[in-house]
Every structure is written in C-alpha cells, then in structure tokens.
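Since the structure comes first, as structure tokens, the remarks are kept for the end.
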Amino acid sequence: MSTSPSFWLDSLGNIERRAALPGDRDADVVIVGGGYTGLWTAYYLAKADPGLRIVIVEAEYCGFGASGRNGGWASGLFPVSEAKLARRFGAAQAAAMHAALGDTVDEVGRVTAAEGIDCDYAKGGVLSLVRSPAQLRRARTDPGFVDADQARAICGANDVLGGIYSEHCAALHPAKLVRGLASTVEGLGVTIFEGTRALRISRGVVVTDHGTVRAETVVRALEGYTAGLAGHRRNLAPVYSLMIATEPLPAEFWDRVGLKRRETFTDERRMVIYGQRTADDRLAFGGRGAPYHFGSRIRPEYDRVPEVFEALRSTITELFGIEAPIAYRWGGPLGIPRDWMPSAGLRDGIAWSGGYVGDGVAAANLGGRTLADLIRGNQSELTALPWVNHRSRRWEPEPARWLGINVGLRATALLDAWDRRTAA
C-alpha cells in the first residue's frame, strides 16, 4: 500500500520539492498556502499585473493538502442553498452566487486548456442518485430531477428510483491540476517557496520558520489547515474526508455502469459520498464520517480510519454489486465554517478565501479571481457577490466544538439509517 498522501499524488511519481524561503524578503503580495486558492489568486494577479512581486509560502509542497487529495469534482455546488441565500441576501444575489460557481466550472476548463495543463478535465455533470422512498420524496421537487430510467442511463447503479442531475460539474485529476498550476504561475514570475511553514500573519507581515516576508497584502489560503495558524484555531473546523481508489476496472463493468462522459456521482443520503470514473477507468470514491479531533488537531495518522475505508468499500459493493479491488486508501482535512458559508474577502491588508466545505475545486478558482479583483482595487460582478467579506461566527471553544461536530456526524448517520429502515 502506498504511503503517498493520495492516489492522485502517487500517480505523478516522485515530486521534486522547491527550495525553502532563504531568509527575510519583501514582496507586493505574499500568499500563505500553495493549494488551489493560493495558486489561482497568484495566477489571476500575475496575468492582470505582470509587474507584481508575488511570493507563495507553502509548509510542505504545492498540492500536499486538499488540493492534491480531493475527489476531483470541479463543481458548481455551494454548501448554502439558493433559498437560504435569498432569505439573507435577496433573490438576485443568491442567483448570482450560484450562477458564478456554475460558470467557474467552465473557467477551470478554459484556463487548463489555454495553459496546457493536462488534468483529465471532462465536463459530464453530476448525478445524485435517489435510492430510497424517503430520498424520492425529498428529491421530486428539485428542478434537476430525472426519472429512474434517465438516471440509470447515466449511472447504472442498483436500486435507482430517480436522480438529480446538474451539468455544472467536471471530473478531473486534482493533483495534475494543482501541480500544473504551480508550474504555470512560476512561468508568470511568481516565486514559490516550499517547506516553509507560516507561524503567524498580521497586516503586512508573514512570519515563517525560515524568515519573514513583508508585503502590502497578505493572503491566507490554508483551508482545512487554517486551524494550525496562530490565532485562527476556531475560524474553520478541520473535518476529515476519506477516499479509496480501485484498480482499473474491466470494460464489461463500465458497459454496465456507464458514466460514459465521466459524470461524477453521489446519492441523496445526508452523509456525503462522492465518486468519479477516472481517466484510467478506476472508481475514485470518498465520503465523510471520520471523526473531528479535539482541539482541531491535524495529524498524518488521522488520514486513515479503517472502519471508514471499509464503509466506503461496502458502499461501492452496495451501489454496483462488485467486490472491487482497492488499490489506494487516503484522507485529509477540509475546512468548515461555523455557518457552512464559504467566504472571500479583504480587510486591513489581509485577504482570504476558503471554508468551501469540501466543494473547493471550482470555488477556489472563483475565490482566486475575486481576491485578484479585491487586491487590485477593482469593483466587479465578482466583488459584489454575497460571500465577499462575509464573516462566519467562530466555532465554540473546546470541548463544545468536539461534542457538537461529532454529535452532528453521528446524528447524520442515524438519519440515513432511519431512511434505510423505513424503506425496508
């Protein structure tokens, strides 16, 4: 079994690390975090103003975190429904937020094609399978609802009663995207220092374990790792999502299951699952259910929870009727704000984007474009979106945070079990 942080990263072979920060340095913009958010922000800034001195500091290497471990969905999904956004910000603002994310799926495809980043991008959309009467009752009123025959024509899973389809999703290879993007921004003049851990940030200053970077604008782009930054432990809760990948599966399996356009898939259970058919015909499949760890701790051993891996394997069997050969198991933290509302903003010289609740592949691009406008002082349709400068309430101190999150996870699992029992 590979010890790489993910199948995606392992498939790239040995990753050559960039040099660490050699000492104190001045810049115009310093970005903390070498994942999607930081790299997209650097990309759009460098494209708009090639003269900017942009520095990225990354504790490990670009893509080590969620950007190199996720499910490979560039989706237009937003964790707050349009109806909830409308109640708070108005119908027009809510529609604009969701439309902007839908358009972002195409923007990711446009840039990767233009820059020659081969990340196996395939825009087939996303299908949420309906597989119980309780799920069917909830799903029928959704504007994307499709009947059982239509759903099975896309994804031939077992016990399908219908589905909810959206065109706003592309499957891709996340590590190819993040590593390709890092090389692209370097070609635009951005300086990346890896193996350089930020210890604290303040207006105009990032203090790292290898020196201090001073800049007019500091960008915090750490997502699930935000809790490790001094003074930010309660901003985002690092909650783990785990994944497995099968060996490449035979043609007869795909003839039966479909996913011909590499549609991504999930189902209508409350405990999130997510899957894709990879470009080399594996099933890459993940889900929530791993515990939150006291004090927002993040440790390598938390990436592997045997009972969650077994539940994922069993779910593949339940969905597709196969005992799939599992080649890889991995996991990692994602960032969840207290109100589940992602945000992007700039205040007092410090910019941020994050809290994507696991749907950050496309949202990070939107965040990067938004931060580029904010940092350059441009008013645009992006800077008027309702997530801009939103501030979520901080998570409760421990032990309330640990109790609340883990009780919520357990309650979600129990509700799904209830749905299954009532369908029996």
Side-chain angles (χ1 to χ4, degrees), residues 1-10 35 60 64-73 77 79 174-175 222-228 233-246 266-267 269-276 283-319 324 326-338 340 354-361 395-396 398-417 420:
M1 190 65 61
S2 170
T3 57
S4 170
S6 75
F7 153 67
W8 310 112
L9 290 164
D10 189 77
E60 297 288 344
F64 174 84
S67 297
R69 308 190 197 194
N70 63 80
W73 287 32
L77 298 173
L222 292 171
E223 191 52 2
Y225 293 86
T226 300
R233 189 169 298 278
R234 290 168 54 198
N235 286 20
L236 295 174
V239 173
Y240 277 74
S241 195
L242 273 56
M243 290 196 70
I244 57 178
T246 69
T266 179
D267 72 10
R269 73 186 70 195
R270 297 171 179 87
M271 187 72 79
V272 174
I273 60 169
Y274 48 93
Q276 69 147 291
L283 271 175
F285 188 75
R288 310 283 166 81
Y292 161 81
H293 298 279
F294 192 91
S296 295
R297 288 193 298 263
I298 297 172
R299 293 178 179 170
E301 58 265 33
Y302 299 160
D303 295 349
R304 296 176 177 272
V305 184
E307 55 267 34
V308 176
F309 290 139
E310 176 56 26
L312 293 173
R313 188 203 61 77
S314 295
T315 303
I316 287 178
T317 299
E318 175 198 341
L319 284 168
I326 306 303
Y328 294 88
R329 298 171 174 85
W330 73 95
L334 53 93
I336 298 184
R338 181 63 178 82
W340 286 56
Y356 305 127
V357 197
D359 277 307
V361 179
W395 283 94
E396 291 79 2
E398 299 291 18
R401 185 160 76 253
W402 181 87
L403 286 168
I405 294 173
N406 286 316
V407 167
L409 287 168
R410 181 61 178 159
T412 300
L414 289 171
L415 284 169
D416 284 337
R420 290 191 297 270

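Basis for what follows: all heavy atoms, side chains included, without hydrogens, waters or symmetry-related copies. Numbering starts at 1 and runs along the sequence shown.
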Under 3.5 Å, side chain of [X] to main-chain N/O of [Y], donor-acceptor pair present?
| X | Y | result |
| --- | --- | --- |
| Asp416 | Arg270 | yes |
| Arg304 | Arg329 | yes |
| Glu223 | Ala66 | no |
| Gln276 | Gly71 | yes |

Between atom [atom1] of [X] and atom [atom2] of [Y], what is the distance when rounded to the nearest 0.5 Å?
| X | Y | atom1 | atom2 | value |
| --- | --- | --- | --- | --- |
| Glu398 | Arg234 | CD | CZ | 9.5 Å |
| Tyr302 | Leu242 | OH | CG | 13.5 Å |
| Arg288 | Tyr274 | CZ | OH | 6.5 Å |

Between [Y] and [X], is there a side-chain heavy-atom distance shorter than 4.5 Å?
| X | Y | answer |
| --- | --- | --- |
| Leu236 | Ile336 | no |
| Ser296 | Arg401 | yes |
| Pro5 | Phe64 | yes |

Between Arg69 and Asp303, does any side-chain N to carboxylate O distance fall below 4.0 Å?
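The answer is yes: the pair qualifies as a salt bridge.
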Using a strict cut-off of less than 4.0 Å between a Lys/Arg side-chain nitrogen and an Asp/Glu carboxylate oxygen, indicate whether Arg338 and Glu396 qualify as a salt bridge.
yes
Taking all non-hydrogen atoms of both residues into account, name the closest pair between [X] and [Y] and its distance.
| X | Y | value |
| --- | --- | --- |
| Gly68 | Leu9 | O-CG, 3.6 Å |
| Leu409 | Ala290 | CD1-O, 3.5 Å |
| Leu312 | Gly287 | CD2-N, 3.6 Å |
| Ala237 | Ile405 | CB-CD1, 3.7 Å |
| Pro238 | Pro333 | CB-CB, 4.0 Å |
| Trp395 | Asn235 | CD1-O, 4.0 Å |

Apply the test side chain to side chain contact (heavy atoms under 4.5 Å, CB included) to residues Ile244 and Ile316: give CA-CA distance (whole Å), side-chain angles for both, the deciding distance (0.1 Å), then the verdict.
CA-CA 10 Å; Ile244 57 178; Ile316 287 178; 3.7 Å; yes
For Arg269, the side chain to side chain donor-acceptor pair (under 3.5 Å) test, sequence neighbours excluded, returns Asp267
Suppose we screen for side chain to side chain donor-acceptor pair (under 3.5 Å). Which residues come up paired with Tyr240, at least two apart in sequence or across chains?
none
Taking it one step at a time, do Phe7 and Trp330 satisfy side chain to side chain contact (heavy atoms under 4.5 Å, CB included)?
CA-CA 8 Å; Phe7 153 67; Trp330 73 95; 3.4 Å; yes
How about CZ on Arg410, more than 12 heavy atoms from neighbouring residues, nucleotides or ligands closer than 6.0 Å, or not?
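Result for CZ/Arg410: open.
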Quiz question: by atom type and distance under 3.5 Å, do the side chains of Thr246 and Tyr328 form a donor-acceptor pair?
no
Apply side chain to side chain contact (heavy atoms under 4.5 Å, CB included) to Met243 and Phe309, showing your working.
CA-CA 7 Å; Met243 290 196 70; Phe309 290 139; over 6 Å; no
Plane angle bin for Phe294 and Trp402 - parallel if under 30°, tilted between 30 and 60°, otherwise perpendicular:
tilted
